[in-house]
2 protein chains.
Amino acid sequence: MNGPDVSTATRVDHVDLDVLENVLSFYIRVIDTKVSRDLDQRLANLEVAKGKGKITALLLIDSHPGIRPSVVADLAARDRSAMGRILDTLEQQGLITRQTNAEDSRAQELYITPKGAALAVKVREIVVQQSEDFFDRIIPQDEQKILIDILKRAYRRLQEAGK
Amino acid sequence: MNGPDVSTATRVDHVDLDVLENVLSFYIRVIDTKVSRDLDQRLANLEVAKGKGKITALLLIDSHPGIRPSVVADLAARDRSAMGRILDTLEQQGLITRQTNAEDSRAQELYITPKGAALAVKVREIVVQQSEDFFDRIIPQDEQKILIDILKRAYRRLQEAGK
DNA sequence: AAAATTAGTTGTAATTGTCCACCATCCGGA
DNA sequence: TCCGGATGGTGGACAATTACAACTAATTTT
């Protein structure tokens with residue numbers, strides 16, 4: 001009598017999501033939560049489990065020898081201190097090394113180690129495969145292409161906006 | 001000579017993202033990170049800042065009086081213990097109340113308080129507005145509609161898949 | 001009536017994220 | 001040349017999330 005839905009919901013089916021029903025950020029958030037959880041499980045054995053910051057860093061350093069921490073941080077959408085700590089652990093695990101840039105001694109150059117490169121090979125496979133597997137279950141292939149296309153441009157605009 | 005990109009990257013522009021370039025989960029993750037950060041700032045003054053679990057819970061309880069914690073947890077993609085703690089804080093803040101279900105004394109019924117309802121009004125406005133503002137900067141309107149459409153169905157399938 | 005499920009709580013540990021201060025270095029202008 | 005401001009990175013503190021697992025209580029199944 002007093003609310004829009006008195007039938008105390010006990011099932012998830014067709015529960016109205018209030019305004020969130022049409023809020024893009026809500027869906028992005030939930031899907032990210034689930035896909036990340038799924039990915040973490042698949043990476044559980046490897047040294048980069050938990051959080052995709054490590055993965056992004058590892059792959060970027062592998063494909064861009066000498067890349068700077070601040071660039072990696074921007075691309076992965078983390079602040080410098082957070083990324084710094086991620087790099088600390090990668091370094092401790094012997095996956096990367098840090099060198100001081102000869103021209104600008106404030107800056108660092110990040111390099112992959114053989115161990116890190118070997119791991120990157122595995123990670124690449126898993127990450128690609130997992131994203132495919134996960135989304136194939138819930139989004140038709142043709143729509144996935146549309147998604148990637150839209151989100152890729154959105155990502156670029158975000159980077160530009162970040163100055 | 002040993003790497004694909006020896007020009008030690010110092011700029012974010014056009015840095016190749018390795019395989020992540022075409023990995024849907026990567027874009028979802030980064031965009032979620034940024035949109036969530038932006039939202040948190042806009043909610044900074046309100047009692048539900050930090051993390052959208054609280055927001056989802058508040059709005060759902062407001063529009064579904066008597067909804068169960070486990071249902072809220074599923075819809076927001078958190079496990080029961082995590083949602084339980086979110087509800088603890090909402091209860092401590094006087095935004096919701098918990099009652100034991102008469103028919104199943106294991107289960108709880110969640111209800112909004114007047115204070116919670118008042119907050120929900122504000123939160124609704126902000127959340128909707130923020131998502132619009134944020135995405136309007138980076139995705140054309142017509143593509144946003146496509147996105148919502150695709151992601152909404154993906155979300156539903158995820159819910160079904162979760163049993 | 002026993003066994004298996006379900007709802008929710010609690011504890012712990014690891015990660016993250018944020019904010020801020022701090023140091024060293026570099027750069028531009030007076 | 002020297003000074004102020006900006007940049008790159010580090011480190012501390014603190015709050016919040018997250019996952020996992022163990023645990024109680026209640027319900028349902030067999």
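Each chain gets a letter, A, B and so on, in the order its sequence line appears, and its residues count up from 1.
- A:Gln41 has its CD atom 10 Å from the C1' atom of D:dA19, to the nearest Å.
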B/S/- along nucleotides 9-15 of chain C (protein heavy atoms under 4.0 Å) is BBBB--S
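- When atom types are taken as modelled, the side chain of A:His64 and the backbone of A:Leu110 share no donor-acceptor pair closer than 3.5 angstrom.
- With sequence neighbours left out, the side-chain contact (heavy atoms from CB on, under 4.5 Å) criterion links B:Asp104 to B:Arg68, B:Asn101, B:Arg106, B:Ala107.
- If you take CZ of A:Arg29 and P of C:dG17, they are 11 Å apart, rounded to a whole angstrom.
- In this structure, CG of B:Asp40 is placed 10 Å from C1' of C:dT18, rounded to the nearest angstrom.
- In terms of the side-chain contact (heavy atoms from CB on, under 4.5 Å) criterion, residue partners of B:Ala120 (sequence neighbours excluded) are, by chain and number, B:Leu58, B:Leu59, B:Asp62, B:Arg124.
- The heavy-atom pair separating A:Ala77 from B:Val30 by the smallest distance is CB-CG1, 3.8 Å.
- With sequence neighbours excluded, the residues that form a side-chain contact (heavy atoms from CB on, under 4.5 Å) with B:Lys122 are B:Leu46.
- Two end axes, each from the C1' atoms of five base pairs, can be drawn for the helix from C:dA1-D:dT30 to C:dA30-D:dT1; they diverge by 30°, to 10 degrees.
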Restricting to nitrogen or oxygen on both sides, can you table the protein-nucleotides 27-30 of chain D pairs closer than 3.5 Å?
residue, atom, partner, partner atom, Å
D:dT27, OP1, B:Ser105, N, 3.1
D:dT27, OP1, B:Ser105, OG, 3.3

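- A salt bridge is defined here as a Lys NZ or Arg NE, NH1 or NH2 lying under 4.0 Å from an Asp or Glu carboxylate O, and B:Asp149 with B:Arg153 meets this definition.
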Please report the C-alpha distance between A:Tyr155 and A:Leu151 in whole Å, then the side-chain angles of each, then the deciding distance to 0.1 Å, and finally whether the side-chain contact (heavy atoms from CB on, under 4.5 Å) criterion is met.
CA-CA 6 Å; A:Tyr155 174 79; A:Leu151 295 182; over 6 Å; no
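- Side-chain atoms of B:Glu109 do not come within 3.5 Å of backbone N or O of B:Gln99 as any donor-acceptor pair.
- Distance CG (A:Asn101) to C1' (C:dA24): 14 Å, rounded to an integer number of Å.
- Using a distance-only test at 3.5 Å, with no hydrogens or angles considered, a donor-acceptor pair links the side chain of A:Gln130 to the main chain of A:Val35.
- When the C1' atom of D:dT10 is taken as reference, atom CG of A:Asp79 falls 12 Å away, rounded to whole Å.
- Remark: A:Asp38 does not engage A:Lys34 in a salt bridge, criterion side-chain N to carboxylate O under 4.0 Å.
- In this model, the phosphate group of D:dA19 is approached by a side-chain N or O of A:Arg37 to a distance below 4.0 Å at OP1 or OP2.
- Here D:dT18 presents its C1' atom at 14 Å from CG of B:Asp32, a figure rounded to the nearest Å.
- Using a 4.0 Å cut-off, some side-chain N or O of B:Arg68 falls inside it from OP1 or OP2 of C:dA7.
- In this structure, A:Glu47 CD and A:Lys54 NZ are separated by 9.5 Å, a value rounded to the nearest 0.5 Å.
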